[in-house]
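Worksheet: the structure to be examined is printed underneath.
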Amino acid sequence: MAENKQFLVGITPDWENFTERMLGHGLRGVLDPLPDLKYEMMPDTNWTATAESVRPYDAIIHFGYYLPRECLEGVERLVCISRYGVGFDRIDVEACTEADVLVALAPKGSQRPVAEAAIALMFAVAKNLRIYDQWVRDGTWQDKLDERGICFLGRTLGSVGLGNIAGETCRIGRGIGFGRILAYDPYVSKERAAEIGVELVDLATVMRESDFITVHTPLNPETKGLIGAEEIAMMKPTAFLINTARGPVVDEAALIDALKHRRIAGAGLDVLEQEPPPKDHPLFALDNVALAPHCLAMTVEHQRDIGLEACENVRLAYEGKVPPHLANPQVVERPGMQEKLAARRKG
């Protein structure tokens with residue numbers, strides 16, 4: 001157990017093989033200069049943290065480990081969980097709030113890389129890259145040209161969600177020629193949508209009228225299965241679905257059925273319901289889907305910037321300050337949270 005004056009940071013053990021590559025800049029540039037701050041790899045508890053493994057730490061830098069309610073029982077010292085990224089579906093955020101723990105996100109580093117990933121998948125499916133690549137490898141060349149790509153110019157882009165990443169995707173979409181851009185997000189104002197140059201509509205309109213539908217929502221009880229069989233059935237037979245958010249936002253079985261029977265033109269997926277998928281996953285047999293292993297946005301810049309941002313959030317908690325982007329902003333006004341922050345400012 002660290003001394004009370006020491007600020008001990010735990011790094012979830014799924015980082016072990018790539019801590020330097022993805023966190024090195026932040027650890028050296030942001031955290032190493034801070035007096036009385038130390039960081040270490042947390043004990044490996046088989047992908048699910050326990051109260052015993054969490055208890056020694058003032059902050060945790062989180063990658064993909066599960067942090068359930070049980071791991072916060074009796075934990076008093078923890079001030080902040082700093083996410084490497086923006087998704088927080090593996091953290092019990094409600095339990096963190098009740099335990100007076102900040103759940104800090106790192107959205108700025110993800111904005112451009114994830115937006116570019118969504119656009120890359122649009123190009124892949126619009127231009128039949130998967131099929132054409134296989135033709136060349138098989139020696140087919142131009143023997144059959146029944147598979148024709150399409151252009152974006154004048155088509156309609158629809159976004160499910162309109163946060164930072166979605167906004168950037170829409171801006172790029174406008175630049176490559178989309179004529180109309182729609183978005184569904186019940187938490188965004190029409191004024192904000194207008195600033196981005198997006199028409200705010202309901203989900204059904206996005207599904208019915210878009211030529212490309214890109215998914216940009218967090219995974220939570222409200223969004224799980226948000227795009228189900230009914231929504232997919234609304235899509236044009238010439239439309240494509242792109243998902244770089246979280247797999248379970250889309251009903252995968254319904255999507256597979258629509259792809260298999262050509263009720264939609266195709267899909268580009270960087271995320272799946274089960275990751276990694278089984279080797280006999282039915283998507284693998286389909287030629288109208290482009291797949292990536294939930295890493296399409298992991299560029300050099302992405303890894304550098306998110307690592308810096310995640311460590312910067314820890315630095316703010318160390319100083320008794322509130323990081324700017326929280327999954328649980330309501331925790332800040334809780335008396336217990338205020339006491340923890342005040343204690344850090346005094347120390």
Side-chain angles (χ1 to χ4, degrees), residues 12 14 46-49 62-69 83-94 105 110 113-115 117-122 124-125 130 158-161 163 165-166 169 184-185 203-204 206-207 210 212-235 239-298 327:
T12 55
D14 47 324
N46 195 26
W47 280 94
T48 301
H62 175 269
F63 186 54
Y65 238 57
Y66 288 91
L67 300 179
R69 174 175 292 272
R83 271 287 293 131
Y84 183 90
V86 293
F88 47 86
D89 44 290
R90 295 188 177 189
I91 302 171
D92 191 323
V93 176
E94 182 180 358
L105 309 178
S110 295
V114 179
I119 297 294
L121 287 171
M122 291 181 204
V125 294
R130 181 185 181 282
S159 178
V160 180
I165 292 170
T169 304
Y184 164 72
D185 193 322
L203 180 59
V206 168
M207 302 306 296
S210 302
F212 290 80
I213 298 163
T214 181
V215 181
H216 298 287
T217 69
L219 177 61
N220 55 42
E222 184 180 0
T223 62
K224 186 176 183 180
L226 177 66
I227 299 177
E230 182 178 352
E231 288 73 27
I232 293 170
M234 297 177 186
M235 294 174 63
F240 297 88
L241 182 69
I242 308 297
N243 189 5
T244 56
R246 287 293 187 270
V249 175
V250 177
D251 182 330
E252 199 167 274
L255 176 62
I256 291 169
D257 187 64
L259 290 167
K260 183 177 180 180
H261 293 95
R262 305 284 173 169
R263 290 196 294 271
I264 66 173
L269 308 174
D270 189 39
V271 290
L272 298 171
E273 282 187 356
Q274 180 182 340
E275 297 179 357
K279 292 183 178 180
D280 59 349
H281 198 291
L283 281 171
F284 299 164
L286 302 177
D287 64 3
N288 55 347
V289 58
L291 300 170
H294 202 160
C295 69
L296 201 55
M298 287 189 180

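Keep in mind that the numbers below use all heavy atoms, side chains included, and drop hydrogens, waters and symmetry copies. Note that the structure is predicted; figures quoted are calculated from it, not measured.
- The two atoms that bring Asp270 and Ala292 nearest to each other are OD1-CB, 3.1 Å, heavy atoms only.
- Closest heavy-atom contact between Val125 and Ala290: CG1-CB, 4.0 Å.
- Interatomic distance, Met122 CE to Leu241 CG, rounded to the nearest 0.5 Å: 10.0 Å.
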*asked:* Using side chain to side chain contact (heavy atoms under 4.5 Å, CB included), reason through Leu269 and Leu255 one step at a time and then give a plain yes or no.
replied: CA-CA 11 Å; Leu269 308 174; Leu255 176 62; 4.0 Å; yes

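- A heavy-atom distance below 4.5 Å is not found between the side chains of Thr244 and Thr169.
- Remark: Glu275 CD is packed, more than 12 non-hydrogen atoms of other residues, nucleotides or ligands lying under 6.0 Å away.
- Using a 4.5 Å heavy-atom threshold, the side chains of Phe284 and Leu291 count as touching.
- Not a single donor-acceptor pair under 3.5 Å links the side chain of His261 to the backbone N or O of Arg263.
- A distance of 4.5 Å separates CD in Glu252 from CD in Glu273, rounded to the nearest 0.5 Å.
- Taking 4.0 Å as the cut-off between side-chain N and carboxylate O, Arg83 and Asp89 do not count as a salt-bridged pair.
- For the pair Leu67 and Asp92, the minimum side-chain heavy-atom distance is 4.5 Å or more.
- When all heavy atoms of Ser159 and Ala166 are compared, the pair lying nearest together is OG-CB, 3.5 Å.
- When all heavy atoms are compared, the tightest approach of Ala117 to Ala297 is CB-N, 4.1 Å.
- Inter-residue side-chain proximity for Leu219 and Lys224 is flagged as met; some heavy-atom pair is nearer than 4.5 Å.
- Residue Val93 comes nearest to Phe88 through the heavy atom pair CG2-CD1, 3.5 Å, listed as atom of the first residue, atom of the second, then distance.
- Taking the side chain as every heavy atom from C-beta outward, Met234 and Ile213 never approach each other to under 4.5 Å.
- Judged by distance alone, with hydrogens and angles left aside, the side-chain atoms of Tyr84 form no donor-acceptor pair with the main-chain N or O of His62 at under 3.5 Å.
- Put simply, CE on Met235 and CZ on Phe212 are 10.0 Å apart, with the number rounded to the nearest 0.5 Å.
- Within the model, atoms CD of Gln274 and NE2 of His281 stand 7.5 Å from one another, a figure rounded to the nearest 0.5 Å.
- When side chains are defined from C-beta on, Glu231 does not count as touching Leu226, because their heavy atoms never get closer than 4.5 Å.
- Here the shortest heavy-atom pairing between Gly64 and Trp47 reads O-CZ3, 3.5 Å.
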*Under the side chain to side chain contact (heavy atoms under 4.5 Å, CB included) criterion, do Val250 and Val271 qualify, and how do the steps go?*
CA-CA 10 Å; Val250 177; Val271 290; over 6 Å; no

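- Side-chain atoms of Thr12 come within 3.5 Å of backbone N or O of Phe63 as a donor-acceptor pair.
- Between Leu259 and Leu283, the closest side-chain pair of non-hydrogen atoms falls below 4.5 Å.
- Contact of the Ile232 side chain with the Ile227 side chain is registered, since non-hydrogen atoms from C-beta on lie closer than 4.5 Å.
- Not a single donor-acceptor pair under 3.5 Å links the side chain of Asn288 to the backbone N or O of Ala267.
- Rounding to the nearest 0.5 angstrom, the gap separating the OG1 atom in Thr223 from the CZ atom in Arg246 is 10.0 Å.
- For the atom pair OG1 (Thr214) and CD1 (Ile119), the distance works out to 7.0 Å, reported to the nearest 0.5 Å.
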